[in-house]
Amino acid sequence: MKTLGPRGSSLWIAAIIHRLSGLALAIFLPVHFFVLSLAFHGGARLDGFLRWADQPLVKFTEVGLVFLLTVHLLGGLRVLVIENFDWHDGQKRLAMLVAAVSAVTAFIFLMRVF
Amino acid sequence: MNVEHLKTDILILGAGGAGLFAALHAHKADPNLDVTIVSKGLLGKCGCTRMVQGGYNVALNLGDSIERHFMDTIEGGKWLPHQALAWTLVTKAIERVHELENEIGCFFDRNPDGTLHGKAFAGQTFDRTVHKGDLTGIEIINRLMEQVWARPIRRLEEHRAVALIPSPAGGISGALLIDIRTGEFRFIAAQAVLLATGGGPTMYRYHTPSGDKSMDGLAIALRFGLPLRDMEMVQFHPTGLLAGPDTRMTGTVLEEGLRGSGGHLLNGALHRFMGDYDQKLERATRDVVSRAIDAEMRAGRTTPNGGVYIKMSHLGPAHVAKEFKGMVDRCRDCGFDLAGGLVEVVPTAHYFMGGVICDVDTSTEKAGLFVAGEDASGMHGANRLGGNGVANSTVFGGIAGDVMPRWIAYNRPGHRAPDADALDAEIERALHPFGQKSGDLNALREKLLDTMWDDVGVVRDRAGLERGLASVDQIEAELLTAGLADTDRRFNLTWQDWLNLRSLCEISRVIALAALKRENSRGAHFRSDFPAPGDLATSTFTVARQTAGGIEIGERPVAFTHVKPGETLIRDPVAAE
Amino acid sequence: MNVRLYVWQRATAALMAPLVLVHIAVILYATRAGLSAADILSRTHNSIAWATFYGIFVAAASIHASIGVRNILVEWSPFSERGAGRFAAVLGIALALLGFHAVFALVVA
Amino acid sequence: MSSAAPAQLSVSLWRGSDDGCYETYSVPRRASQTVLDVVTYVQRHIDATLSYRFACRVGMCGSCAMTVNGRPRWTCRTHVAKVAANGRLKIGPLENLPRIKDLATDMQPFFEKWRQAEGVFAPSLTRAEPMARIKPDSRARMAADAAIECINCGVCYAACDTVRWNANYLGPAALNRAWTLVNDERDAGNAARLTAVAASGGCHSCHSHQSCQEHCPLALNPTESIAGLKRRTVAAYLNGELKA
Ligand SMILES: Cc1cc2nc3c(=O)[nH]c(=O)nc-3n(C[C@H](O)[C@H](O)[C@H](O)COP(=O)(O)OP(=O)(O)OC[C@H]3O[C@@H](n4cnc5c(N)ncnc54)[C@H](O)[C@@H]3O)c2cc1C
Ligand code: HEM
Ligand code: SF4
Ligand code: F3S
Ligand code: FES
């Protein structure tokens with residue numbers, strides 16, 4: 001922690017996770033759109049895909065994506081709150097909360113998928 | 001030796017309140033003139049103006065008056081001030097504060113009605129000290145620095161002035177500098193030069209000024225043949241932090257307000273001793289408290305590190321922590337509990353009243369050379385009021401900036417060639433340590449600090465001063481044989497330390513000589529063998545000058561041009577009471 | 001980033017925040033049981049509401065993500081500001097095209 | 001406290017400029033000892049050529065900041081006990097600034113950006129006029145006061161990764177100063193200032209990492225100041241007062 005210096009703090013980590021999740025979403029989104037547009041050619045192709053997507057590994061990545069979306073959403077809200085509302089102490093707790101909520105969401109999703 | 005030659009019209013040595021103001025005013029007076037400002041550290045981030053806590057004295061409010069401020073200054077200075085200078089100080093301060101607030105951008109603290117707040121400061125009959133919290137100097141210097149940055153003023157940061165160079169044709173040709181970062185020399189030719197390196201009595205064991213101040217300006221002026229006045233007048237602040245040897249924290253000032261608001265001073269035996277010296281106890285004036293602490297120390301009734309304690313806890317630690325947050329934080333960072341415990345303190349050399357003799361327009365005996373700020377003298381006499389220091393540097397720095405362009409326009413001195421021999425001699429002088437075998441610089445520094453503290457300090461007498469003089473001579477002689485390895489001159493702080501020590505030795509000697517000359521006790525100068533102040537009406541001030549035969553100290557009568565001892569200019573002395 | 005890009009990015013972020021919440025709710029709901037293409041299509045087909053919902057989402061996400069990626073490129077890649085801007089514009093347009101294509105597929109086709 | 005501490009500190013100092021390396025020295029531990037004292041000890045007693053910078057030695061000038069065990073700090077007011085629990089110190093120059101030599105950096109870019117952010121008061125009055133009456137409890141004055149005591153030490157600038165990653169970014173201290181001026185009723189320079197901080201590299205480049213706020217030795221909050229600037233510039237932009 002110490003040698004990480006400014007990079008060790010939970011606030012910094014929150015910002016980095018937000019960035020990485022945004023980046024991952026930006027990479028995933030075209031793929032996601034592509035999958036959905038398979039429906040253009042009728043339900044069959046999509047069904048085929050969805051069966052393929054039933055595999056645990058694929059499911060797992062999807063869980064990850066929902067997780068990313070939630071993390072990014074909450075991280076984004078954190079930024080919007082900092083930027084637009086009067087300053088309050090306890091920013092660190094907010095960052096922790098963000099991490100906790102996204103973990104819980106992802107966990108619920110995980111339970112449902114499997 | 002490869003020396004870069006540069007040219008400028010106005011050369012300002014020092015970037016404290018005096019130097020920065022001079023640069024701004026000179027640039028405004030004639031934007032076509034090339035103005036160069038030299039600073040030993042980073043612009044605005046060195047020197048003592050930045051360290052001003054208390055604030056800035058100025059007669060702004062109803063009930064106060066210029067006359068009242070003037071009388072406080074004269075009486076505080078024990079009738080030694082040069083009255084025309086003191087008068088200029090108190091009158092111009094009003095315009096200067098308006099300028100600081102309206103044009104430079106300082107945002108001073110306000111009263112509830114929106115007007116500027118004046119706080120109480122010791123030794124004054126009116127609460128006239130304008131401030132920004134207890135970090136007034138930071139506000140003043142930051143704003144000045146920003147204004148200088150925003151203008152085409154040339155900055156030579158981390159450059160050390162080592163000498164003024166005469167011209168063979170007479171007059172001044174410019175100054176020799178060392179670029180601290182590269183270790184190279186630069187000669188700057190100038191039409192007019194301002195000396196504003198800010199004095200700073202750092203030759204005492206305990207001292208408050210910043211590390212870059214080492215009396216360079218006065219040593220340079222002395223060598224250039226200028227007369228110096230009031231050189232025995234060293235102001236001690238009673239409560240410097242005492243954190244032991246080997247730490248730069250030691251000597252740094254703990255603010256006056258601690259005593260003012262009811263702090264107690266205890267000696268090593270935890271006895272509250274101020275009652276043994278003065279009825280006003282801890283609230284007595286700076287010099288009285290400093291002498292009392294000094295007496296306890298000399299009697300050996302000290303704390304482990306050899307000072308006394310300041311105790312605040314009886315006022316309630318929570319209250320102290322809130323009221324004096326800055327001081328409590330500072331002590332805490334250094335490992336001490338000011339709010340709840342005992343903190344060791346010691347008197348500490350704070351301000352230097354002596355300096356170059358100058359006129360109200362900042363001109364000196366040498367045509368083309370001007371002086372302002374703590375390098376100048378005469379405004380404060382035997383004692384400087386808290387709050388008159390920064391007023392002095394900003395008022396006279398500004399005046400110098402107004403005057404120099406006019407002086408150039410009128411006299412058309414042009415750029416005079418430097419006296420080549422003088423230039424070579426000064427370069428050689430600065431390089432002296434590299435030609436010597438290595439020596440123990442640290443031991444010499446310690447010895448000088450102790451000598452000045454023990455023999456030329458808070459309380460003086462003939463025997464001690466003579467001992468001190470002999471010892472300063474010896475230290476200087478040893479310094480001249482103490483060499484440095486010539487491996488890397490770039491950003492070589494040890495070389496700079498050597499040069500600092502040399503300046504300090506030279507001025508230490510003058511302080512001791514002037515102190516010997518003054519056989520009475522006034523303000524900051526206390527002779528135990530002559531404890532009486534002497535006749536005020538025939539007051540004299542000391543003048544020191546370097547001659548072929550050494551330092552000569554003379555005395556001149558104070559001219560009571562505005563007010564005589566026993567009189568006052570305050571028409572209605574009770575109005576503000 | 002300058003104020004114009006900032007306004008677009010934060011505005012789209014604020015806009016997407018509720019949309020994403022709904023989207024996540026839908027996903028959670030949808031994954032309750034095994035999902036089939038018919039399930040999805042039956043919900044979305046010919047629904048103007050869903051078309052608008054996802055249309056706005058796609059537009060906002062394209063703008064938002066391209067500006068975001070631009071910032072990342074400026075800071076983390078050797079791209080110049082100009083280069084990063086161009087790359088991001090292409091990404092934004094691609095995202096929008098793919099996105100509208102998908103919405104069209106789900107709603108109309 | 002001193003009894004438990006080891007008698008010697010193992011101190012690694014950065015030597016040289018960009019192509020330098022850390023060198024280790026042994027420095028006696030003292031009861032009262034700041035990081036600046038440790039550095040001074042090395043210069044005075046071990047290697048006379050060591051370069052570093054300080055002036056006031058009490059936290060007023062902001063000259064002495066260095067990287068201490070990975071964190072940017074003011075060294076004159078950092079007690080060794082606070083940072084060297086295991087008797088080890090690793091001290092380097094501040095990050096994100098060009099190095100001059102050893103522990104001294106070139107602060108020119110920092111102040112240049114301060115200037116670019118229009119961090120300079122633009123007067124609306126002259127010395128001949130009375131001083132502005134400003135209530136100490138007005139909202140604007142309180143906002144200005146909250147951010148004004150910056151000592152330009154560069155610690156926040158060194159702690160901020162956005163500064164590291166984006167050469168154009170003005171950085172927390174410059175923007176913090178701009179914000180105090182935006183709140184200064186006496187100032188007449190806001191049009192230029194808002195344009196400056198709304199441009200590329202201005203306040204909108206900040207990602208609210210908050211390292212600046214975490215490290216500021218004076219406990220100032222540049223993140224909050226920058227957020228204020230973001231709001232103010234967005235409002236100006238939406239009102240058509242800014243071209244961007
Ligand atoms: C801790 C402290 C608290 C104080 N509080 C108050 C107060 O509350 N009110 C008040 O009125 N006064 C106060 N003073 C006094 C006041 O700070 C000074 O009197 C005043 O600021 C001096 O201004 P100056 O411009 O002459 O010098 P400084 O501000 O000291 O500036 C000197 C400049 O010269 C430079 N310099 C030095 N040597 C050289 C060289 N050889 N070459 C080039 N440059 C050089 C320095 O680096 C610096 O830039 C205080 C002083 C201290 C130390
Ligand atoms: C749920 C709604 C969303 C919100 C509230 C939101 C919020 C934000 C915010 C406030 C930022 C700025 C971060 C900063 O500059 O410090 C940001 C950045 C970013 N967002 Fe989003 N976002 C959302 C959805 C998305 C989506 C769906 C994507 C991907 C397609 C995305 C991709 C990005 C990217 C790539 C960045 C750049 C990250 C960075 O610069 O650090 N965001 N987001
Ligand atoms: S905001 Fe704080 S950390 Fe940054 S320069 Fe100012 S005082 Fe230093
Ligand atoms: S650390 Fe940097 S990113 Fe912003 S909040 Fe502070 S300036
Ligand atoms: S030396 Fe001035 S802040 Fe540390």
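In what follows, chains carry the letters A, B, and so on, assigned in the order in which the sequence lines appear, proteins first and then strands, with residues in each chain numbered from 1.
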Looking at side-chain heavy atoms only, is the closest gap between [X] and [Y] below 4.5 Å?
X: Arg177(D); Y: Asn142(B); answer: no
X: Phe111(D); Y: Met145(B); answer: yes
X: Met60(D); Y: Arg330(B); answer: yes
X: Glu157(B); Y: Met107(D); answer: no
X: Lys132(B); Y: Glu149(D); answer: yes

Checklist line | Results of side chain to side chain donor-acceptor pair (under 3.5 Å) for Asn183(D) - residues two or more places apart only | finding: none
Counting heavy-atom pairs closer than 4.5 Å to chain B, which one of [options] comes out on top?
options: Val80(D), Asp145(D), Val58(D), Thr49(D); answer: Val58(D)
options: Asp187(D), Val120(D), Thr180(D), Thr34(D); answer: Val120(D)
options: Ile148(D), Val38(D), Asp102(D); answer: Ile148(D)
options: Ile100(D), Asp37(D), Asp106(D), Thr78(D); answer: Asp37(D)

Hey, what do you get for [atom1] ([X]) to [atom2] ([Y]), rounding to the nearest 0.5 Å?
X: Glu99(B); Y: Arg127(D); atom1: CD; atom2: CZ; answer: 3.5 Å
X: Cys106(B); Y: Arg186(D); atom1: SG; atom2: CZ; answer: 8.0 Å
X: Cys61(D); Y: Leu42(B); atom1: SG; atom2: CG; answer: 8.5 Å
X: Leu218(D); Y: Leu135(B); atom1: CG; atom2: CG; answer: 7.5 Å
X: Arg50(B); Y: Ile151(D); atom1: CZ; atom2: CD1; answer: 6.5 Å
X: Arg77(D); Y: Cys331(B); atom1: CZ; atom2: SG; answer: 9.0 Å

For the candidates [options], which exhibits the highest count of non-hydrogen atom pairs separated by less than 4.5 Å from chain D?
options: Ile94(B), Leu116(B), Val253(B); answer: Leu116(B)
options: Asp113(B), Asp109(B), Asp212(B), Asp488(B); answer: Asp113(B)
options: Pro112(B), Gly47(B), Gly114(B), Ser210(B); answer: Gly114(B)
options: Glu95(B), Arg181(B), Arg155(B), Lys213(B); answer: Arg181(B)

Checklist line | Other residues, nucleotides, ligands: >12 heavy atoms within 6.0 Å of Lys28(B) NZ | finding: no
Checklist line | Between Arg248(B) and Thr40(D), a side-chain donor and acceptor under 3.5 Å | finding: yes
Between [X] and [Y], which heavy-atom pair has the shortest distance, and what is it?
X: Asp333(B); Y: His79(D); result: O-CB, 3.1 Å
X: Ser32(D); Y: Met249(B); result: CB-CE, 4.0 Å
X: Ala150(B); Y: Arg115(D); result: CA-CD, 4.1 Å

Notebook entry, point to check: Going through the checks in order, is the side chain to side chain contact (heavy atoms under 4.5 Å, CB included) test met by Met131(D) and His98(B)?
Noted result: CA-CA 6 Å; Met131(D) 292 179 273; His98(B) 280 81; 3.7 Å; yes
Hey, does the side chain of [X] reach the backbone of [Y] with a donor-acceptor pair shorter than 3.5 angstrom?
X: Arg53(D); Y: Gly41(B); result: no
X: Gln147(B); Y: Phe121(D); result: yes
X: Asn102(B); Y: Thr126(D); result: yes
X: Asn442(B); Y: His45(D); result: no
X: Lys45(B); Y: Asn152(D); result: yes
X: Arg57(D); Y: Pro209(B); result: yes

Item checked: Quiz item: cation-pi between Arg141(D) and Phe107(B), 6.0 Å / 45° -> yes
Next item on the list: Check salt bridge (Lys or Arg N to Asp or Glu O under 4.0 Å) between Arg143(B) and all other residues, then give those that pass, not counting sequence neighbours.
Entry: Glu139(B), Glu146(B)
